[in-house]
Student: 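Input: one structure, supplied below.
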There are 2 protein chains.
Amino acid sequence: MSDGPTITTIAERAGVSIASVSRVLNGLPTREDTVRRVLSAADELGYVPNSVARSLKSRRTNQVAFAMADIGNPVYLTMVREIQPVLKAAGYRLVLHSTDADVAEEIDVLRSLGERYVDGLIMIPLRIGEAHLKAVEAARAPVVIIGSVPDGTRVDNVRTDSRTGVRLALEHFHSLGRRRIGFVNGPLDTVPGSARSTAYAEGIRELGLPYDENLVEIGDFYRAEGAQAVSRLLSRAPDLDAVMCANDLIALGALDVLRRAGRRVPEDVAVAGMDDIDLAAVAWPSLTSVSLGSAERGRLAAELLLDRLGNGDRDPKVVTVPPHLMIRASTVGEETP
Amino acid sequence: MSDGPTITTIAERAGVSIASVSRVLNGLPTREDTVRRVLSAADELGYVPNSVARSLKSRRTNQVAFAMADIGNPVYLTMVREIQPVLKAAGYRLVLHSTDADVAEEIDVLRSLGERYVDGLIMIPLRIGEAHLKAVEAARAPVVIIGSVPDGTRVDNVRTDSRTGVRLALEHFHSLGRRRIGFVNGPLDTVPGSARSTAYAEGIRELGLPYDENLVEIGDFYRAEGAQAVSRLLSRAPDLDAVMCANDLIALGALDVLRRAGRRVPEDVAVAGMDDIDLAAVAWPSLTSVSLGSAERGRLAAELLLDRLGNGDRDPKVVTVPPHLMIRASTVGEETP
DNA sequence: TTGTACGCGTTATCAG
DNA sequence: CTGATAACGCGTACAA
């Protein structure tokens with residue numbers, strides 16, 4: 001637990017200058033004898049380079065941050081699992097931020113990039129406003145945003161197409177003969193909330209179905225809140241035969257509520273979610289879900305950031321991951337064992 | 001994206017020395033006029049302190065690392081969610097390491113503490129050997145280990161009592177009239193694997209039941225591997241009426257397998273897991289599980305570390321979190337809706 | 001090939 | 001109350 005040797009300590013021990021120590025440690029050409037003495041001294045002393053001092057000089061920390069809304073949401077977890085190895089392979093450590101979907105906190109993270117404790121940031125904000133965009137463009141380190149930003153914003157951006165995603169699910173319901181399709185959404189002032197809201201309205205019309213506002217309910221993107229919203233929806237529209245949920249946590253809440261209400265899934269009410277989290281396949285019945293390619297979006301974001309770190313001046317890139325529908329028991333019934 | 005102002009920039013702009021700038025920024029007593037000029041200069045320039053330079057001087061990074069076996073395991077996630085706010089409230093950032101339960105990687109994390117990029121470490125190793133203990137005691141920053149270390153090891157340590165935990169579940173099975181109680185474990189060379197193995201053997205004997213090695217199967221602590229192990233167990237001991245699983249992922253795998261095999265849970269076979277992860281309550285049927293207080297262990301570890309960071313010389317503490325049984329449908333049948 | 005000396009941005013000490 | 005200056009540990013021109 002002592003204070004740790006520095007290159008000065010090693011230099012004294014090896015009888016050379018600190019410059020030589022530094023050279024040897026960095027693999028620069030040095031006389032073989034010197035190399036040996038430095039290395040053995042370093043070894044005996046258990047030397048470990050001080051990354052802070054190194055960073056001050058090199059202006060790189062080899063750390064990257066990932067800021068997500070809620071570390072407890074499986075979607076973000078999936079992304080972490082993809083981002084981590086990509087960055088690790090490139091020699092970066094991952095620092096996590098959980099912002100609780102709080103705008104002020106997110107902007108604070110952006111601002112804190114000026115502290116230079118990370119070389120870059122991957123961020124997935126729930127709400128994106130003027131303040132965000134200004135902060136992003138003023139950021140002092142490369143930033144990649146997961147989630148659609150307004151066109152023309154100068155940021156690397158990984159997006160998905162949740163509009164198409166919602167449509168895939170609605171068409172699936174329709175093809176199964178469902179005509180009273182409810183929709184449970186999260187807050188409308190969030191990026192996914194607003195996108196999915198318009199997608200539902202459009203999708204319903206394209207199917208030639210009437211838009212009935214009694215079929216729409218708004219809660220939040222969590223399981224408990226989702227369940228409550230589904231309850232309200234059920235009492236307002238008892239005749240519904242399908243429920244589209246804006247994410248899987250809401251959909252899992254829907255399964256709970258429907259079971260308690262004695263409605264069979266999918267015979268009475270079919271259910272679909274979005275995100276295709278791991279729990280979707282686990283649920284009972286297993287949950288049909290629109291995959292938004294969370295794993296792939298995470299990986300792409302990491303790759304985009306690495307690319308940018310290696311080449312700071314290229315133009316911003318936008319990458320889009322297409323959604324696809326994972327059909328499971330909650331819409332088509334149980335597979336036979 | 002410019003290079004960012006430093007206190008020197010501010011000093012020039014405000015027409016004072018860098019010392020004064022530093023004083024103002026750190027709230028040290030300064031003439032009001034100076035304060036104003038410095039603050040406005042800092043504001044105009046959008047100054048953000050360089051945390052790397054500060055760390056070099058102060059020898060503190062205000063970062064703490066958490067090293068877990070697998071970032072995908074809900075148990076560790078629960079811990080992260082508890083650790084994070086405790087540390088954040090104390091002004092620390094969290095850096096995550098996923099070691100894939102690899103001993104070499106874990107020791108590398110310990111060694112890397114010498115790099116001074118974090119002020120402390122919370123670690124939860126699956127296997128704890130001589131190498132670990134040596135590395136821990138040689139570590140150059142405070143370490144807290146979650147998981148039992150040998151008595152006498154000089155480390156802050158948060159443990160649980162999985163022996164009692166296994167016993168709770170076995171007694172529960174026994175009280176339900178089950179007598180052919182199988183056991184599916186993870187690798188025996190892991191800390192939890194070995195503890196739970198002996199706990200099962202002891203518990204069975206204490207209940208006056210014969211120890212039948214056909215009732216014991218070893219796989220790994222993941223869902224798929226657990227499911228395979230349960231399959232093997234079922235074919236070797238088709239008459240079992242209960243399965244104790246060494247963690248919840250295995251237990252979820254057990255539910256899958258039993259369902260496919262046409263065995264009703266709990267009527268034909270009762271199932272219990274350990275860890276009480278969130279998915280346990282979600283599963284169908286909901287899963288009886290031995291809670292090992294993951295959230296509390298995480299919180300305690302964070303508090304222990306903070307305490308140590310504030311007072312480096314106290315004696316190591318050992319804190320134990322008692323297990324308790326969460327009884328759900330997989331052993332007692334479905335609650336009525 | 002090696003050593004000296006400076007700078008990275010801060011904080012802290014010590015005169016003025 | 002303020003300003004010059006010395007660290008912190010490392011990398012690296014530049015000189016020897």
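Here is how names work: the chains are called A, B, and so on, in the same order as the sequence lines, proteins then strands, and each is numbered from 1. Being a predicted model, the structure only gives us computed values, none of them experimental.
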Student: Less than 4.0 angstrom from a charged side-chain N to a carboxylate O is my criterion; do B:Asp156 and B:Lys317 meet it?
Tutor: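 B:Lys317 and B:Asp156: not salt-bridged.
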Student: Base, sugar-phosphate, or nothing for A:Pro29, non-hydrogen atoms under 4.0 angstrom?
Tutor: nothing
Student: May I ask you to say whether A:Arg308 pairs ionically with A:Glu303, meaning some side-chain N is under 4.0 Å from a carboxylate O?
Tutor: no
Student: In whole angstrom, what separates B:Glu115's CD from D:dG9's C1'?
Tutor: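 After rounding, the gap between these two atoms is 14 Å.
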Student: Any Lys/Arg nitrogen of A:Arg314 or A:Asp307 sitting under 4.0 Å from an Asp/Glu carboxylate oxygen of the other?
Tutor: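 Looking at A:Arg314 and A:Asp307, the cut-off is met.
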Student: Between atom CZ in B:Arg31 and atom P in D:dT2, what is the gap in whole Å?
Tutor: 4 Å
Student: Taking CD from A:Glu12 and C1' from D:dG9, how many angstroms apart are they, rounded to a whole number?
Tutor: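 A:Glu12 atom CD is separated from D:dG9 atom C1' by 14 Å.
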Student: For a quick check of understanding: with a heavy-atom distance under 4.0 Å over all strands, which category does A:Ser58 fall into, base, sugar-phosphate or nothing?
Tutor: nothing
Student: Does a nitrogen or oxygen in the side chain of B:Ser17 sit under 4.0 Å from OP1 or OP2 of D:dG3?
Tutor: yes
Student: Does the side chain of B:Val21 come within less than 4.5 Å of B:Val16's, by heavy atoms?
Tutor: yes
Student: Measure the distance from NZ on B:Lys57 to C1' on D:dT5 and round it to the nearest whole Å.
Tutor: 11 Å
Student: Using a strict heavy-atom distance below 4.0 Å, which residues from residues 37-45 of chain B are in contact with DNA chain C?
Tutor: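 The answer is none.
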Student: Roughly how far, to the nearest 0.5 Å, is CD of B:Gln84 from NE2 of A:His97?
Tutor: 8.5 Å
Student: Are A:Glu105 and B:Lys88 within salt-bridge range, i.e. N to O under 4.0 Å?
Tutor: yes
Student: Please examine the side chains of B:Leu309 and B:Leu305, heavy atoms only from C-beta on, and report whether any two atoms are closer than 4.5 Å.
Tutor: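 Contact flag for B:Leu305/B:Leu309 side chains = yes.
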Student: Nearest whole Å is fine: how far is D:dG9 P from A:Tyr47 OH?
Tutor: 10 Å
Student: Take atom CD1 of B:Ile18 and atom P of D:dT2, then tell me their distance rounded to the nearest Å.
Tutor: 15 Å
Student: Need two values: the first and the last nucleotide of DNA chain C, 5' to 3', having an atom under 4.0 Å from any heavy-atom of chain A.
Tutor: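 With heavy atoms of chain A under 4.0 Å away, the range is C:dT1 to C:dG9.
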Student: What's A:Val16 touching, base or sugar-phosphate or nothing? Going by heavy atoms closer than 4.0 Å.
Tutor: sugar-phosphate
Student: With no angle test and no hydrogens, is the base of D:dG3 tied to the side chain of B:Arg23 by a donor-acceptor pair under 3.5 Å?
Tutor: yes
Student: Over how many whole Å does the gap from A:Ile7 atom CD1 to D:dG11 atom C1' extend?
Tutor: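 Rounded to whole Å, this separation is 8 Å.
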Student: Please state how far atom CZ in B:Arg59 lies from atom C1' in D:dG9, giving the value in whole angstrom units.
Tutor: 9 Å
Student: Under 4.0 Å: is that the gap between some side-chain N or O of B:Ser20 and OP1 or OP2 of D:dG3?
Tutor: yes
Student: Between B:Glu32 and B:Arg36, does any NZ, NE, NH1 or NH2 come within less than 4.0 Å of an OD or OE carboxylate oxygen?
Tutor: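 Yes, charged N to carboxylate O under 4.0 Å.
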Student: In plain terms, say whether B:Arg37 and B:Asp43 are close enough for a salt bridge, that is, a side-chain N and a carboxylate O under 4.0 Å apart.
Tutor: no
Student: Is there a side-chain contact between A:Val143 and A:Glu137 in this structure, where contact means two heavy atoms from C-beta onward sitting under 4.5 Å apart?
Tutor: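 No. Closest side-chain heavy atoms not under 4.5 Å.
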Student: Pick the closest DNA chain D nucleotide for B:Leu56 and for B:Asp33 by heavy atoms, then say which residue is nearer the 5' end.
Tutor: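 The residue whose closest nucleotide sits nearer the 5' end is B:Asp33.
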